[in-house]
Structure formats: C-alpha cells, structure tokens
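Everything on this sheet refers to the single structure shown next.
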2 protein chains.
Amino acid sequence: MSIHSSLAAATTKLPIPVLSTYSVGHFEKLRLISLSTALPLAERDTLEPLSRRVSLDRKENLFRQDEPAGSVYNVSSGALRLYRILPDGRRQVTGFAFPGDFLGLSLLDRFNVSADALGPVTACRFDRRAFMELVRSQPNLMMHLHEITGHELSRAKDMMVLLGRRTADEKIAAFLMGLRARYAQIGWSAVTLELPMNRLDIADHLGLTIETVSRTLSRLDREGCILIVPGGVRLVDHARLDRLSAH
Amino acid sequence: MSIHSSLAAATTKLPIPVLSTYSVGHFEKLRLISLSTALPLAERDTLEPLSRRVSLDRKENLFRQDEPAGSVYNVSSGALRLYRILPDGRRQVTGFAFPGDFLGLSLLDRFNVSADALGPVTACRFDRRAFMELVRSQPNLMMHLHEITGHELSRAKDMMVLLGRRTADEKIAAFLMGLRARYAQIGWSAVTLELPMNRLDIADHLGLTIETVSRTLSRLDREGCILIVPGGVRLVDHARLDRLSAH
DNA sequence: CGGAGGATTGATGCTGTTCAAGCGTAGTGG
DNA sequence: CCACTACGCTTGAACAGCATCAATCCTCCG
C-alpha cells in the first residue's frame, strides 16, 4: 500500500461540489496523504510498518486528557477537536487536527488534551514505546518531529495573542483565514471553506459564546465579507479579512 | 528517569532570604544552576563548553520576534518577559523566563517571540548551528530537549484555557499560584512571592488591562486572600486561591 | 408529521474596558 | 536637603462588548 503525494495535487482539481448537507465531505478524500505532508519520504517508510489503522465515528473519542499516553497518532482522514475541560464544565478547544497532523508527538507520559472526532476519522496508531525507540535511533527523524512540535508551539502562541488581545470580529476572521491556510497546506483549496466543526466548537476555540460566533458570522455575511453556506463559508472580501486577522 | 528530580530536591533546601526591596534579588543568587535544573549533569557538561555568557540590564532586549534565530539561550539569573506585539501595539506576554529556562529551543529559523529583561539578567548563549549538531549526535540529549518543549507546549495550552475561559479573579489567582509553583521548581520557595514584572506585564500576560489587574489584586488583598507588599505579594488564603485557580 | 439538534435573533445585564484623576515612591538636580 | 519630575500603581465613573437568558427557526431524519 503505497502513499502517493500526487493525491494531494489530485484533490485540488476535484470539481467543487455544491453541498446540500452539513457533511464533512472532502475530508474523506484526503486519506493516505497523511504522513507525507509532514515527513520526507524516507522517514515515512520507516514509520509505516509500525502503524495500525484505527477508525472513529462522529463524536467518538480517540483519547482523553491526563490518560496515560500509550500511543502516538497520525491523522489519515477526517478532522478532530482537541480540548480541555475545566471542573465546572467550561471548555477550551485548543485546536483541530486534520489529515497529516500528529497527536501525542510531545511523547509525554500523558495526553495533555482530549481528542474526539468531528466526523468519520481514520488514523494511524503507533505504539509510543516503539515509536520512541525508532525515533531515538534516527536523529533526522527526531529533528523533524522536534521541528513539527516547534511549529505547534508557535501556533499555540498565535492562539494566546488571539485569545488575549483580539476582538470577536478579529477572532472569527483570523480563525477563518487560519483554517484556509491549513487547508492549503494539506493540498486542499476550494472556493468554499468547509467547517467540519459546529458553532459551539468554534466558540470554545475562540473564547466566545455560541451566540457571539453566530451573530458575528451573520453580520460578516450581511456586510458582504463572507457568505454563509451549508457546511461552511465562502470568503468574499479578502482585503477586509486580511486586515481583521493581520498579525 | 525524571529530568528535574535530583537537583530540584537539593536546591529547595537553600536558606530562604528575607527581602525588603523591589529588587530582583533572589534571581541573582540562582546563577549556575541554570543548565542543571533542566538537564542531567552529564549532558550539562557536554553543553557548557559551547556557551558564552551574556548580560542584560533591565529593559534591554535579548532577541526579537521574527529575527533569524542564530542562538539558543539558557537563563542563568534574572527574569525576562516573552511577548508578541500586534501591528497596532496591543501586546500579549506569552510567558516569563526564569533561571534554568531555555529560549529558542524549538530550533526554528526565527524566534517566535521577543524577549527582554525585567531586571539584570545573565544567560548562556549557544550558537544555534553548533547546538543543533551536538544535539543531533546525542539522542538522549535530543529526547530531553524534546521533552522540555513538550512541557512548554502543555503550559501553552494551560494558557489558552486561562485566556479563553477564565474570569479576571481566576486569571490572577492562577497566575500567582503558577508562579509560586515555578519558583518551587527552581528551588526557591519564600513567604513572599516576588513579582519581578510590573502590573502592565501581568495584564498583557492575562489578557486584561492594567486597571483590572490592579483592582483585582486590591480586592483580593482587602478580602484577606493575599497581602500586597513592595515587590510582590504574600499568599494568605491558600484554600481560596486553590479553588480559584483549580483546573 | 413530529421530534431533535443546531443555528439564529432579540432583549437585557454584567464584567471588564476606557477615560481620567490622584497617590506614593524613587531618583535627580539645584 | 528639599523641590521637582517620572514612573508605576490605585481608584472612580461612565461605557461597551460580549455574555446570558429566552424564544424561534431551520434542516435532517425517523
């Protein structure tokens, strides 16, 4: 079973279907580009024999915060939300995982977030110990993983700025633009930006309430900045979105 | 095989000096335990020959966001603020660095924050390329650095929860308790919790305004929860602070 | 057709911001 | 030695942005 990076290119050329549902449509088509988006070919091949495939349905949990981290995962298809919950139920969605993303890569004893599927998900599971041993023996691979973690840390700091110092409008704009950029990275650009997560997930990600997210999106739509469509949005006024999300 | 255990235990037995000023007093006394707080002895010795000492005065800058990262630093004494600034001047202090902390450890091309000294600071500077080569050749060292970065990432997620989902009271309480915990880690426990950063730094760290920080601290003082003293605070009502900062 | 889950919209209110004034202490120079 | 300034911090009053509470709508699906 070989993994073709050409698939990424192929998917960008797919006709853009008009969606009539809230589906997570395209994510399913992104199967198998997983490792190649993050790692060079040679390293991907060393990892592959170690992996076992897992599948999840919508709302199923992959792992929980503070649970002993026995595995490392690489998302193959679908999307997940990563979050923490406070004792009283308040939730912070720390991020979303998409095809190609690694989960549990910091190799700590315990997961530092919970993860569950936003729709059908498949992922590669690696035994943590075996993964660590392999990685330890391959300096280049290790450096790559460290680099990935470094980028994740940098994005975490982006989120801090967003959460601490930006208005609701800016948060929404930055979220949409950021999502678009990530989709582009995994080789999936489309006119319609699909939102596999619901309003509450977005709210808990941006430190807002569901009502504020809804109102802000509605207003941006009314003002011609975006266009709300079933299952996602279209970004219309790029100049304004750029200005709002600028950092 | 914990990184922290042995030395942490030793340093916590240091006598606790009593301070009477705004000074960054204690930080200066923590010289030279720098590397050892984060790394085992053997690895510290391999690193030390590579380092060159740098000193900064209060308000001096160590490096800036987006600047090419030519060096990795390890703080020896003093404290720094790490921050990002938005085009319009809004600032998010992503964290503070204390003795033992590494800066630039993610080894990316560019620094992802700016850093400047809150008071007199000394640090060890390593050439990034040399550091990377050394690290690449020593899997154990590499794993340790990766683990440190993993912990930093976990703390970044704590900050997201704090910024996105907590009230001003909780932010302040969590900040104070967190600072206390970090001081304990570097072997410095005292009755008075020194605050080397000013109110504006705290505000920009917690996503609040300076007025709200001041008001909240005043109220917690008035209510007997803490005691504001020159240069810091004393934590009085631990039960309440625990409750407020619980996660 | 009817129910469930998600999203939208409106009315009201609170938390934290903004604007503004005043205080305390450290540092400086006459 | 004291006046004067600078800086950081505190406090007050009015305001705004976002939250809260509540009702309604829409779409999917059994």
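Letters A, B, ... mirror the listed sequences (proteins, then strands); counts begin at 1. All figures in this text were calculated on a predicted structure; none of them were measured in a lab.
- In this structure, CZ of B:R219 is placed 11 Å from C1' of C:dG16, rounded to the nearest angstrom.
- Rounded to whole angstrom, the span from the CD atom of A:E211 across to the P atom of C:dG13 amounts to 17 Å.
- At C:dG6, one or more side-chain N or O atoms of A:K59 fall inside 4.0 Å of OP1 or OP2 (strictly under the cut-off).
- For B:L208, the listed nucleotide lying nearest its side chain is C:dG16; candidates were D:dC9, D:dA19, C:dG16.
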| request: For ring-ring contact (aromatic ring centres under 6.0 Å, His included), just list the numbers for B:F96 and B:H205, CA-CA rounded to whole Å, side-chain angles, deciding distance to a tenth of an Å, and then say yes or no. | output: CA-CA 9 Å; B:F96 299 97; B:H205 183 48; 5.1 Å; yes
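- For the pair A:L235 and A:R180, the tightest heavy-atom approach, listed with the atom from each and the gap, is CD1-CD, 3.3 Å.
- OP1 or OP2 of C:dT17 has at least one side-chain nitrogen or oxygen of B:T209 nearer than 4.0 Å.
- Across the protein-nucleic acid pair, A:R165 atom CZ and D:dG17 atom C1' stand 15 Å apart, rounded to whole Å.
- Among the heavy atoms of the strands, none lies under 4.0 Å from B:R166.
- The shortest distance between side-chain heavy atoms of B:L162 and B:E170 does not fall below 4.5 Å.
- Separating the CD atom of A:E170 from the C1' atom of D:dC18 is a distance of 14 Å, rounded to the nearest angstrom.
- Put simply, CZ on B:R52 and CZ on B:R125 are 7.5 Å apart, with the number rounded to the nearest 0.5 Å.
- The nearest whole Å value for the distance from the CD1 atom in A:I172 to the P atom in D:dG17 is 16 Å.
- OP1 and OP2 of D:dC18 both lie 4.0 Å or more from every side-chain N or O belonging to A:R215.
- Atom CD1 of B:I210 is separated from atom C1' of C:dC19 by 14 Å (rounded to the nearest Å).
- In this structure, B:L217 atom CG and D:dT11 atom C1' are separated by 14 Å, rounded to whole Å.
- Between B:L193 and B:Y183 the shortest side-chain heavy-atom distance falls below 4.5 Å.
- For the OP1/OP2 pair of C:dT9 and a distance below 4.0 Å, the side-chain nitrogens and oxygens of A:S218 include at least one atom meeting the criterion.
- Rounded to an integer number of Å, the gap from CG of B:N198 to P of D:dT10 is 11 Å.
- B:T212 has a side-chain polar atom (N or O) that falls below the 4.0 Å cut-off from OP1 or OP2 of C:dT17.
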